[in-house]
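Read the structure below first, then the notes.
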Number of protein chains: 2
Amino acid sequence: MFAQAATAQTLNIPFGAGRHRAEPRRTPASFSPDQPHQVVFYDANEEIYAQGEQASALYQVEFGAVRLYRLLADGRRQISAFHIAGEVFGFEADGQHHFFAEAVGHAGIRVFRQPASETNWRQTLDAALAALVRAQEHLLVIGRQNAAERVAAFLLDMMERQNSDREVQLAMSRTDIGDYLGLTIETVSRTFSKFKSRGLVRLANTRTVEVIDVGALRAMCD
Amino acid sequence: MFAQAATAQTLNIPFGAGRHRAEPRRTPASFSPDQPHQVVFYDANEEIYAQGEQASALYQVEFGAVRLYRLLADGRRQISAFHIAGEVFGFEADGQHHFFAEAVGHAGIRVFRQPASETNWRQTLDAALAALVRAQEHLLVIGRQNAAERVAAFLLDMMERQNSDREVQLAMSRTDIGDYLGLTIETVSRTFSKFKSRGLVRLANTRTVEVIDVGALRAMCD
DNA sequence: CGCCTCATTGATTCTACTCAATTCGGGTGG
DNA sequence: CCACCCGAATTGAGTAGAATCAATGAGGCG
């Protein structure tokens, strides 16, 4: 589906360098490493790991964004989560990954080998529980909310994770948003247009959303 | 919505007693306690804990089934997971529960106070990761599969968790199944009827499903 | 036996999907 | 600098699938 980019470049840089924005809620302020680690740079749409691959590390987004997803045989895709700067992902069970992970755009990912240990289990568990709560909350959005409510919830979530109270920078395409929200690209686009015509948002460009009426969006999703 | 049952009765009984069936896959064979624990009995639809409640324990189903769910302001409900005998639930983040937990029918729940510790973090993490994988897989079902595929996936999941290769005992009502699969009760019922008329399943009664053609169900959900 | 809840079935509506046609925006090359 | 190109996004028309509204049927319990 996506062109495979060149091999990721790796580079050892000080922990925390290149961080783009403040830490999001519900994620540990920093993921304590108890072993050597490095930052790997990925091009847009480049694979970080594949479903079924043997798991060997945890990952923390340094800059950019990552999508985790799963596919059906006929190509239908469900993105289970986006991860942005500061967030930890790459949890496995049974010793293998159950999902694909790809860079959304150019991204830097810090890699931690030897995931959970005696000294970092608390951080690992916290990050896993945060991911669990997120996933279960997302189930409510996808299972019981309509298109407008889903898009509103998505924008509010992005605002919060970017510590913004107006403008949201979308790292991902409409297709990605659709596959995250369980909608088609057309429905996502129509919903954005509807929000625009109602004066709830303004679109500087397709990737930049200025939220005018936060209250109205909040009211939509309880 | 549901009648509140009488206060749960508690009783100290030996660990493992009263277990109804074999352990499901992806769950530790037993959740090692490093402190005193007890089994609490709940009536059907009785609340185990509420959203927003301060979290203080982990729980393991001894017998019966539990539903975890979340509500929208207008009453729409999404069940994020069912848990049956042997499974651990009750994870929290930020020190509080983000969901409601209720007994589906009469159920016995083993309560572990003081959740994660130096000695049991591995089991806790494994159980949390199993729940995370389950939740993310369920996102694919709800986000990208149609009604028939959702019901087929549900039946196969239940078969596997009950270690059955024919008959599935459903602990929950059609309403519960609908709220789990993001469908209405009518759509769930129609889908069961369609499966029945196609010879894929037989319904001894509304809660007992005999799966005739496992392969056909498998083929539906890839 | 009758009541009450849950489940099934039917008729109709409506939301989001599908298919299709432009439009937009960013990048490239003349 | 501008014209062109290509993928992404938007918009439109028609359709399909699940929701809604409504009526009937089946168990379980007092």
Side-chain angles (χ1 to χ4, degrees), chain A residues 1-3 5 43-45 72 74-78 104-106 141-154 169-198 201-209 220, chain B residues 1-3 5 43-45 67 72 74-78 104-106 141-154 170-198 201-209 220:
Chain A
M1 190 174 186
F2 296 107
D43 287 340
N45 303 318
L72 291 172
D74 61 5
R76 281 175 288 177
R77 182 178 70 156
Q78 178 65 43
V104 172
H106 181 59
V141 173
I142 284 189
R144 286 301 181 205
Q145 298 198 282
N146 64 30
E149 293 167 333
R150 293 183 204 191
V151 172
F154 171 72
Q169 284 296 329
L170 300 178
M172 66 293 290
S173 67
R174 295 288 186 270
T175 302
D176 279 344
I177 297 172
D179 284 351
Y180 176 65
L181 296 176
L183 299 171
T184 60
I185 177 179
E186 294 96 329
T187 299
V188 172
S189 182
R190 273 185 255 270
T191 305
F192 272 117
S193 298
K194 199 169 293 180
F195 284 0
K196 200 171 57 176
S197 71
R198 283 192 213 157
V201 304
R202 204 172 301 154
L203 296 175
N205 59 63
T206 56
R207 300 290 183 100
T208 307
V209 182
M220 294 186 70
Chain B
M1 187 170 186
F2 295 107
D43 286 340
N45 303 318
R67 60 176 162 254
L72 290 172
D74 61 5
R76 282 176 287 177
R77 181 178 71 155
Q78 177 65 42
V104 173
H106 181 60
V141 174
I142 283 187
R144 286 302 183 205
Q145 299 198 284
N146 62 32
E149 292 167 334
R150 293 183 205 192
V151 173
F154 171 73
L170 301 177
M172 66 291 291
S173 68
R174 296 287 187 269
T175 303
D176 280 343
I177 297 172
D179 283 352
Y180 176 66
L181 296 177
L183 300 170
T184 60
I185 177 178
E186 294 96 329
T187 298
V188 172
S189 183
R190 274 186 254 271
T191 305
F192 272 117
S193 299
K194 198 169 294 179
F195 284 0
K196 199 172 56 175
S197 72
R198 283 192 214 157
V201 302
R202 204 172 302 155
L203 296 176
N205 59 64
T206 56
R207 300 290 183 103
T208 307
V209 182
M220 294 187 71

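Residue numbers start from 1 in every chain, and the chains themselves are labelled A, B, ... in the order their sequence lines are given, proteins ahead of strands. Treat the numbers as computed from the prediction; the structure is a model and nothing was measured.
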Self-check item: Over 12 foreign heavy atoms within 6.0 Å of CZ, A:R207
Solution: yes

Quiz item: Reckon A:T206 has a side-chain N or O less than 4.0 Å from the OP1 or OP2 of D:dA8?
Solution: no

Quiz item: Could you give the CZ-to-C1' distance, from B:R174 to D:dG25, as a whole number of Å?
Solution: 14 Å

Practice problem: Could you tell me which non-hydrogen atom of A:Q78 sits nearest to which non-hydrogen atom of A:Y180, and how far apart they are? | Solution: NE2-O, 3.1 Å

Practice problem: Return the value, rounded to whole Å, for the distance between atom CG of B:L181 and atom C1' of D:dG17. | Solution: 16 Å

Self-check item: Separation of atom CG in A:N205 from atom C1' in D:dT10, rounded to whole Å
Solution: 15 Å

Exercise. Using a 4.0 Å heavy-atom cut-off across all strands, classify A:N146 as base, sugar-phosphate, or nothing.
Key: sugar-phosphate

Practice problem: Using whole Å, report how far CD of A:E186 lies from P of C:dA16. | Solution: 13 Å

Quiz item: With a 4.0 Å cut-off on heavy atoms, is A:G182 in touch with a base, just the backbone sugar-phosphate, or nothing at all?
Solution: sugar-phosphate

Practice problem: Could you tell me which non-hydrogen atom of A:I177 sits nearest to which non-hydrogen atom of A:F192, and how far apart they are? | Solution: CD1-CE1, 4.3 Å

Quiz item: Of B:I185 and A:Q145, whose closest DNA chain C nucleotide lies nearer the 5' terminus?
Solution: B:I185

Exercise. Let me know the distance between CG of B:L203 and C1' of D:dG25, rounded to the nearest Å.
Key: 15 Å

Quiz prompt | Separation of atom CG in A:D74 from atom P in C:dT18, rounded to whole Å | solution = 10 Å

Quiz item: Counting only non-hydrogen atoms, which of residues 187-194 of chain B are less than 4.0 Å from DNA chain D?
Solution: B:T187, B:R190

Self-check item: CG-CD distance between A:N146 and A:E149, expressed to the nearest 0.5 angstrom
Solution: 4.0 Å

Self-check item: CA sep, side-chain torsions, deciding dist, call: B:D179, B:R76, salt bridge (charged side-chain N to carboxylate O under 4.0 Å, His left out)
Solution: CA-CA 8 Å; B:D179 283 352; B:R76 282 176 287 177; over 6 Å; no

Practice problem: Please determine, for the side chain of B:S173, which listed nucleotide (D:dA19, C:dT18, C:dA7) has the closest atom? | Solution: C:dA7

Self-check item: Whole angstrom value for the distance that separates P of D:dA9 from CG of A:L170
Solution: 10 Å

Quiz prompt | Separation of C:dC17 P from A:D179 CG (nearest whole Å) | solution = 11 Å

Quiz item: Sub-3.5 Å donor-acceptor pair from the side chain of A:Q145 to the main-chain atoms of A:I142, do we have one?
Solution: no

Quiz prompt | Option from B:L170, B:L183, B:V188, B:T191 for which side-chain contact (heavy atoms from CB on, under 4.5 Å) with B:F154 holds | solution = B:L170

